Amino acid sequence: MSEASSTKSDFIREIIAADLASGKHETTVTRFPPEPNGYLHIGHAKAICLNFGIARENAASGARCHLRFDDTNPSKEEVEYVQSIKEDVAWLGFDWGENLFFASDYFEFFHDCAVALIEKGLAYVDQQSAEEIKNTRGTLTEPGKASPFRDRGVTENLELFARMRAGEFKEGEAVLRAKIDMAAPNVVMRDPVIYRVMHAHHHNTGDAWCIYPMYDFAHPLEDAKEHITHSLCTLEFEIHRPFYDWVIEHCPVPAKPRQIEFARLNLNYTVMSKRKLLTLVKEGHVSGWDDPRMPTLSGLRRRGVPAAAIRNFCERIGITKFNGVTDVALLEFEIRDYLNKEAPRRMAVLDPVKLVLTNYDEGRSEEVAVPNNPEKPEEGSRQVKLTRELWIEREDFMEDPPKKFFRLFPGGYVRLRGGYIIHCTGFQKDEHGNITEIECEYLPDTIGKDAPEGVKCKAAIHWVSAEAGVHARVRLYDRLFTVENPDAAEGGFVSVLNPDSLQTVHAWVEPALLETAPEEIVQFERLGYFVADRHEHVRGAKPVFNRTVALRDSWSRK
RNA sequence: AGCCCCUUGGUGUAAUUGGUAACACAGCUGAUUUUGGUUCAGUAUUUCUAGGUUCGAGUCCUGGGGGGGCUGCCA
C-alpha cells in the first residue's frame, strides 16, 4: 500500500521549505495533539495526514511527528479515548515511534512557567467570580475593565498561587490570569485565564493536582517543550495566535515554535461535531463510536473503507485557509478508486432466489475459473463450483423489466459471472406472487467466450451454487452516516437518511470468500465485510463500493 | 457592532509569483466491457463586484459585496 510520493505543495509546506532553506530550522518537528475526549473522525484524518505527512516528507533531515494527548482538562477525558486514538492513527498508517507524549506530563513545567510570569509581574491571581470576570471582559466593541485584584504585588500573587496549588481554594474561587491588556481589540488578549482550580481526578496524574492550565497557556508550552518547529492547527485558533506568541515570548521555553492555521475539513451530509457524535453514542442511536454509520475512523474502518483511500482523499483535498464544504463524492471516489485497484473479488448473494439450469444434468458439476481481481491478472483466479441449482440475487430478475434492464427476465440472456451465458425460459411463483424459482437453460461453450450470434447479453450476475455455497450471516451497510438535510444537522439532530441501512442479512457466499479471511468468519457481522454495490437501476449512479469486494484493508492492519 | 481570516467552474484545489486560467471529482453524450464496475473518447460550466496601477491583473492598490472565526474558569 504505497502512495506515490507527491510533489504537491501548499502554503504550509511552502513556509516549511522556506524555513529549511533559510536555515531557520534544520528539520521539521510537527505534532498531532488530540484531546482524548472522543474518537477520531474523518476530519482528524486531515490533520494527521498533514502533520505525519510533513514528517515523512522531511525524514531525510530527521523530521518527526509527535502524537501528543492534550489532556489538560480532567473533567472531559478518558483513557478509553487514548487507546482508540492510538489505534486509529496506527491504522491510518502512521507511526509516532518513541514520540508519544501527554501534556499532563508537563504539569510541573506549566506551573514553573506560571510562577515565572508572576515573578515578572505578568500574571496575577484573580479572586473574582467567573460571573464577574465574564462581565468585566467587555464586549466585541467595548474594552474590558480591570479586576480589583489586577495590581497585586508579586509576593502576594506567588503566595496565593501556591495556596491555589495546595488546594486551599474551591473551584471558581480563584484563577491565575495573564496580565496583558484589558482594552485589547482581540478579546483573547484581555487578561486570559491561564490556570483554574479543579478538584478532579485526572486519568494520568490522579489527584496530584487541583489546578489545571488552560489550553491557550499550555499548548504553546507543550510545543516549545517538544521543540515543535511548526505547530499546525485549525482556523478557529487563528485569533489565539497573539497569545500563543506572548506565552512563548515571556516564558522560559527551550524553543520557539510557530503556529500556522489551516481550514478544517467540512464534508456535506456528514455530522462531524464531536459533541453531536457523543450524543449519538450516549443516547444509543448508534451501536457505538465505531458504528459503521459514524464518520469516525473506526466506523469507516468497520464499513470497510481502506486507510489508503482516506490518505489519498486527504492529499486530494489539499491544505488551504479557505473554509469550504467538500463533497463526500470526493471521498467516495477515492474509496472506489482504491478498492477497484486493490480489492480481491468474491461472489455473494444477499437476497437469494433459486435458479435452475434445466438443461444441466442433475448430479453434474464443474469448476469454473473466476479472476480474483480483473485489474490484477497476476493475482490469478479461483475455482468456483457450478451446479444445476444456483442462488442468484432476487433483484437480478424481473418478471416485467423496464427498458434498459440488462439482467434476467423471461426470454432474456445474461451471463453467470465467470461462467455460462444463460437464457431464461420460465419461473415459478407462490400464492403471494413472489418469485420462488427461475428456470433457465445454459448455452454450452460460452464460458470465457463471446455471446453467439444473435444473442444479446449485456450483463453478468453473481451466483452461488446451492449445493456448494456457504450460508453466512453478514451485515450490510449502506452510506456514510448521513442526514437528510445538511442544514438540519445544525439545528435539530440527526435524521438518519436510511435507518434500515444497518441490517443483518442472510447471504449465500462462495466458499472462497470465507477461505480468504478465515478469522473473519466469526467477525463477519462486526466487520461490515460486505458492502453491497447498490446495484442502482438508475443510470449513471455509481456505487460507493463495488459489489462483493472483499475489503482487505479492514482486517489487515497495514 | 469592533478585531482577525477567507473569496478561482456544481465541489475541492492549481496557475513558473504580473504574462494564453488548469487538474481531479461530480454532470452530460457516446464507445468498449465476463462486475450496469473499470477503461476510452467527447462535452458544458470558472477568477464575487466597481474603480485604479500596468503594454499586460486571478495575482498588486482602494472601495463595496459575500462567507467564517472571536465576548468558556472547553480544546
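Quantities reported herein were computed from a predicted structural model and do not represent experimental measurements. We name chains A, B, ... by the order of the sequence lines, and we start the count at 1 in each one.
Checked against side-chain hydrogen bond (donor to acceptor under 3.5 Å, both in side chains), A/Thr141 has the following partners two or more places apart in sequence or in another chain: A/Thr139. A search for side chain to side chain contact (heavy atoms under 4.5 Å, CB included) contacts involving A/Val79 returns A/His203, not counting sequence neighbours. Partners of A/Lys274 under the side-chain hydrogen bond (donor to acceptor under 3.5 Å, both in side chains) rule, at least two apart in sequence or in another chain, are A/Asn37. Take A/Asn204 and apply the side-chain hydrogen bond (donor to acceptor under 3.5 Å, both in side chains) test, not counting sequence neighbours, and it matches A/Ser104, A/Asp105. Residues passing the side chain to side chain contact (heavy atoms under 4.5 Å, CB included) test with A/Glu367 are A/Gln383, A/Lys385, sequence neighbours excluded. For the side-chain hydrogen bond (donor to acceptor under 3.5 Å, both in side chains) test, no residue two or more places apart in sequence or in another chain qualifies with A/Lys458. By the salt bridge (Lys or Arg N to Asp or Glu O under 4.0 Å) test, A/Lys341 pairs with A/Asp337, sequence neighbours left out.
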Between N or O atoms, less than 3.5 Å apart, protein on one side and nucleotides 43-48 of chain B on the other: list the pairs.
none

N/O to N/O distances under 3.5 Å, protein versus nucleotides 68-72 of chain B:
residue : atom : partner  : partner atom : Å
B/rG68  : O2'  : A/Asn323 : ND2          : 3.2
B/rG72  : OP2  : A/Arg137 : NH2          : 3.3

Considering only nitrogen or oxygen atoms on both sides, find all protein atoms under 3.5 Å from nucleotides 9-11 of chain B and state each distance.
residue : atom : partner  : partner atom : Å
B/rU11  : O3'  : A/Val325 : O            : 2.8
B/rU11  : O2'  : A/Val325 : O            : 3.4
B/rU11  : O2'  : A/Asp327 : N            : 3.1

Convert the base pairs of RNA chain B into dot-bracket notation, remembering that pairs crossing earlier ones are written with [ ] and that bases paired across to another strand are shown as |; include only Watson-Crick or G-U pairs under 3.5 Å. .((((((..((((.....[..)))).(((((.......)))))....(((((..]....))))))))))).....

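Sorted by first then second residue, the side chain to side chain donor-acceptor pair (under 3.5 Å) pairs that include residues 182-198 of chain A, not counting sequence neighbours, are A/Tyr124-A/Asp191, A/Arg150-A/Asp191.
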